[in-house]
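Have a look at the structure below before the remarks.
The chains referred to below are lettered A, B, ... by the order of the sequence lines, with proteins before strands, and numbering in each begins at 1. Note that the structure is predicted; figures quoted are calculated from it, not measured.
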Number of protein chains: 2
Amino acid sequence: MTPNDTYSQLSQKLREISVLGSCAAVLGWDEQTYMPPNGGAFRGEQMGLLAKLCHEQFTAPEIGDSLSTLEGSDLVSDPDSVISANVRELRRSYSRATKIPSRLVSEMARVTTLAQGEWRNARQKNDFSLFQPWLEQVLNLKREEADIVGYTEHRYDALLDEYEPGMTAARLKVMFADLAKNLVPIIQAIQNSKQKPNSEILHRNYPIELQKAFAESAAKQIGYDFESGRLDVTAHPFCTGIGPGDCRITTRYNANFFNESFFGVLHEAGHGLYEQGLPADSFGLPTGSACSLGVHESQSRFWENQVGRSRIYWEMLFPKAQLHFSNSLGETNRDDFYFAINEVKPSFIRVEADEATYNLHIILRFELELALLAGELEVKDLPQVWKDRFTQLFGITPPDDKLGCLQDVHWSMGGLGYFPTYTLGNLYSAQLMNAAQTQLGNLNELILKGDFVPLREWLREKIHIHGKRYTAERLIQNAVGEAPNSTAFVEYLKGKYQPLYQF
Amino acid sequence: MTPNDTYSQLSQKLREISVLGSCAAVLGWDEQTYMPPNGGAFRGEQMGLLAKLCHEQFTAPEIGDSLSTLEGSDLVSDPDSVISANVRELRRSYSRATKIPSRLVSEMARVTTLAQGEWRNARQKNDFSLFQPWLEQVLNLKREEADIVGYTEHRYDALLDEYEPGMTAARLKVMFADLAKNLVPIIQAIQNSKQKPNSEILHRNYPIELQKAFAESAAKQIGYDFESGRLDVTAHPFCTGIGPGDCRITTRYNANFFNESFFGVLHEAGHGLYEQGLPADSFGLPTGSACSLGVHESQSRFWENQVGRSRIYWEMLFPKAQLHFSNSLGETNRDDFYFAINEVKPSFIRVEADEATYNLHIILRFELELALLAGELEVKDLPQVWKDRFTQLFGITPPDDKLGCLQDVHWSMGGLGYFPTYTLGNLYSAQLMNAAQTQLGNLNELILKGDFVPLREWLREKIHIHGKRYTAERLIQNAVGEAPNSTAFVEYLKGKYQPLYQF
């Protein structure tokens, strides 16, 4: 068999594994949307079996053998070729998947399932001590996982690598320190400002059917393809890319809060545009999959915030919003609306945070995760350390753990190393918007006309079609001409908030 | 390994195969309900892979070895035990699945996919010659399949066995001849009657939202569990049993025709009650699966017709229907409504047929399938033979093939031997109703009170919980005290139509 045959056989096998995995994506979507209540136990059995089969097939020795053959062949002589990228990324995930013993996989599944239940219980009762032993167990398992996977510098890197390949704790520390240094004074200036938006505007009555139609039309306008997707209602909004021609998004509606569904739908549609823009013929291969969670988040934040919360976007859309929600917005001034959707207000809960304070929530979690993994912070001390550091960063102190270290589900699920990708997405999105403005030249004119085709095509060409061909760092570098950093994001915030809050 | 170990290992493996198959059931449901239009091609790939994996796993030599071990063990000494039934039925399907070469399986898949497209085209253009070569190909493949599977008497038996295990063409011939002999004079008497229902009643405006609520409440009343199921809209209504706790039904609404969704929902809910009544702990084993297509249809027809079109049922429900559809039924007489939903009128299209003429449509198809398979009828002669025989049976002649031999999708899909199960379901349902009346004693009183629990429990105990433990013939015999036959059904029709049409 020639290396070309090996590569094509391997590609086919991987497509098959991904097709099998995509069945779980349909089942997962169904579970959140339409599955009858009593279907839960059996759904768990279905999902467990699909996960087992996918894992078995992906960790089969033949996959490793094929990779070794290809690694020793001429096919990877150009390190930047598609084939090289696929071999490199497959080796990375194959190595991770085969290193971790199945004992650890099932123990992790068992502990995190129980830990999620205990976390829910602890949060409800506002009693961290109930969750503490479970978080300790999760932490020990994640330490074990990191040590098995291996790392050069910091144990954290082994976990981060699963979500943002190539990124390291050391680089994040530098980037996040820089970000925090700039964010804190901006937020302080805003808090000291006498200017306040009239946020009541957003809490008027927005009938759900009208919200649905408006959000759908906005998603359609930016190019989310409803022939290859759909929008449903779930308790927790998400986007799921099932496969070529099928990527679905969800939202939740609040009849008395405009932002919840509107910006939620733009966010998920941004994820959806990325999935819909991946090269369909590479489905199942790394070059047909999203680059990293940070890059994925950059796409959602791009449309939600860089576009969706911009002045120019509402110059185009506000007249339509006034007609559509005439009872609530008919008499409202566009500038007041624009200020309201850009309110900055430190609060305890991450998922409710504005664009500026959001990243402080992430930085806090990143610091704590680092310390926990390194053994520099004990789980029992987490609640107090959280409060202290929160106060330093935000200037306000969480009154309890429910509004503090018990608010997120992530740790109970074993998702350590995941949080930083949210902020990376924000940073990338600002860099991308700068580059798009420069490279397209007339972006504001296009947005005013409601023509998003050039912008979407630009993102497609710069980001979507490459899949995992480059690491996130190189992908962003290629697209915007500089390495990931926080400067563009900080400038973006200043440019937006200085005129609004007049500091 | 003891035979007990072998049995428990085999049971576990079969559960796993069925869990995998059940993923395809979710995907199939999704395909008909919510899948975005562009998801079709990829969905085909997912379904194809799941089918391939299930087939591979089920035809693995280890399954055959386990069956051989069990067949030679004490575990099957009682031929009526659950274990014996499972071994017997697994051998039947294992033997069928392993005998048919994969070449034939893929050729059948290829030809029937194309044939369905050509059938659609031919039907639309009302041109049988376009479909003829495809039907010839399908027929040849089905002949080959039957010859490979093997049979004692008639090639038809090998195909019928897949849908109604144990049933034979010879037995059907006798039963159906008897049925036709009795049906034709009843239908003639009805056609000669001066009594005609006022069918306009059913074609008034029935707002879809109201229909939905009414049908759901009727399905709930007979015991279909919406915590373990749901009702959606599809082009072609169906019921799909995904697994324990999850069995879904669909319908379609016509704002100007009451019957379409109401009796459709009762029909599918009848199928659903059967699936919901199968023993959950035997999921994946024959004793946890429906007995046969005929028995499945008996459950849907039982609720749709034996209950849902009975006088006593509408004595209970009509006052509610009048309140619910006050604009359309407020002034309508209950007897007129009852007559309208029981109208008999020979027509060309099977799926629109009433209870009496429906079975003549089936008998016609059964006779033609027999002749085609035996080589006594050539495909090219089908249109004329259809018209001739239709005229003999119904007294009217289809004006064209669209209203004749081009109306059903079944043959293009390779579904030869399937049609008779529809009529078997009708016959079984009448026998079951007789037995329920006798054994419960006060069934009419219960229905008048809207209390369907005893009737549902009776069906559960007599039919549902047994799965494939007995053949359909023995299951019916055990439940009603006599072998399947057409007498009860003919008496049922006479008892209903003589008073209405006064013959």
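Here CZ of B:Phe42 is found 9.0 Å from CG of B:Leu27. Values are rounded to the nearest 0.5 Å. Put simply, CZ on A:Phe302 and CG on A:Leu459 are 5.0 Å apart, with the number rounded to the nearest 0.5 Å. Of the inter-residue distances, the one linking A:Ile17 atom CD1 with A:Cys54 atom SG reads 7.0 Å to the nearest 0.5 angstrom.
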Present all donor-acceptor pairs from chain A to chain B with distances below 3.5 Å, rounded to 0.1 Å.
unit_1   : atom_1 : unit_2   : atom_2 : d
A:Arg15  : NE     : B:Glu45  : OE2    : 2.6
A:Arg15  : NH2    : B:Glu45  : OE1    : 2.9
A:Arg15  : NH2    : B:Glu45  : OE2    : 3.3
A:Glu16  : OE1    : B:Lys52  : NZ     : 3.3
A:Ser22  : O      : B:Gln46  : NE2    : 3.4
A:Ser22  : OG     : B:Gln46  : NE2    : 2.7
A:Asp30  : OD1    : B:Arg248 : NH1    : 2.9
A:Asp30  : OD2    : B:Arg248 : NH2    : 2.8
A:Tyr34  : O      : B:Arg230 : NH1    : 3.0
A:Asn38  : N      : B:Glu227 : O      : 2.8
A:Asn38  : ND2    : B:Ser228 : OG     : 2.8
A:Gly39  : N      : B:Gly245 : O      : 3.2
A:Glu45  : OE1    : B:Arg15  : NH2    : 2.9
A:Glu45  : OE2    : B:Arg15  : NE     : 2.6
A:Glu45  : OE2    : B:Arg15  : NH2    : 3.4
A:Gln46  : NE2    : B:Ser22  : O      : 3.4
A:Gln46  : NE2    : B:Ser22  : OG     : 2.7
A:Lys52  : NZ     : B:Glu16  : OE1    : 3.3
A:Glu227 : O      : B:Asn38  : N      : 2.8
A:Ser228 : OG     : B:Asn38  : ND2    : 2.8
A:Arg230 : NH1    : B:Tyr34  : O      : 3.0
A:Gly245 : O      : B:Gly39  : N      : 3.2
A:Arg248 : NH1    : B:Asp30  : OD1    : 2.9
A:Arg248 : NH2    : B:Asp30  : OD2    : 2.7

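Residues B:Leu90 and B:Pro286 are in side-chain contact: their nearest non-hydrogen atoms beyond the backbone lie under 4.5 Å apart. Side chains of B:Val19 and A:Leu50 form no contact here, defined as non-hydrogen atoms less than 4.5 Å apart. Side-chain atoms of B:Ile63 and B:Leu10, non-hydrogen and from C-beta on, do get closer than 4.5 Å to each other.
Only the side chain of B:Val26 comes within contact range of chain A, with at least one heavy atom under 4.5 Å from a heavy atom of that chain. With a 4.5 angstrom heavy-atom cutoff, B:Met35 touches chain A via backbone and side-chain atoms both.
Comparing A:Leu49, A:Leu53, A:Ile242 by heavy-atom pairs within less than 4.5 Å of chain B, the highest count is held by A:Leu49.
Across B:Leu14 and B:Gly284, no two heavy atoms sit closer than the pair CB-O, 3.7 Å.
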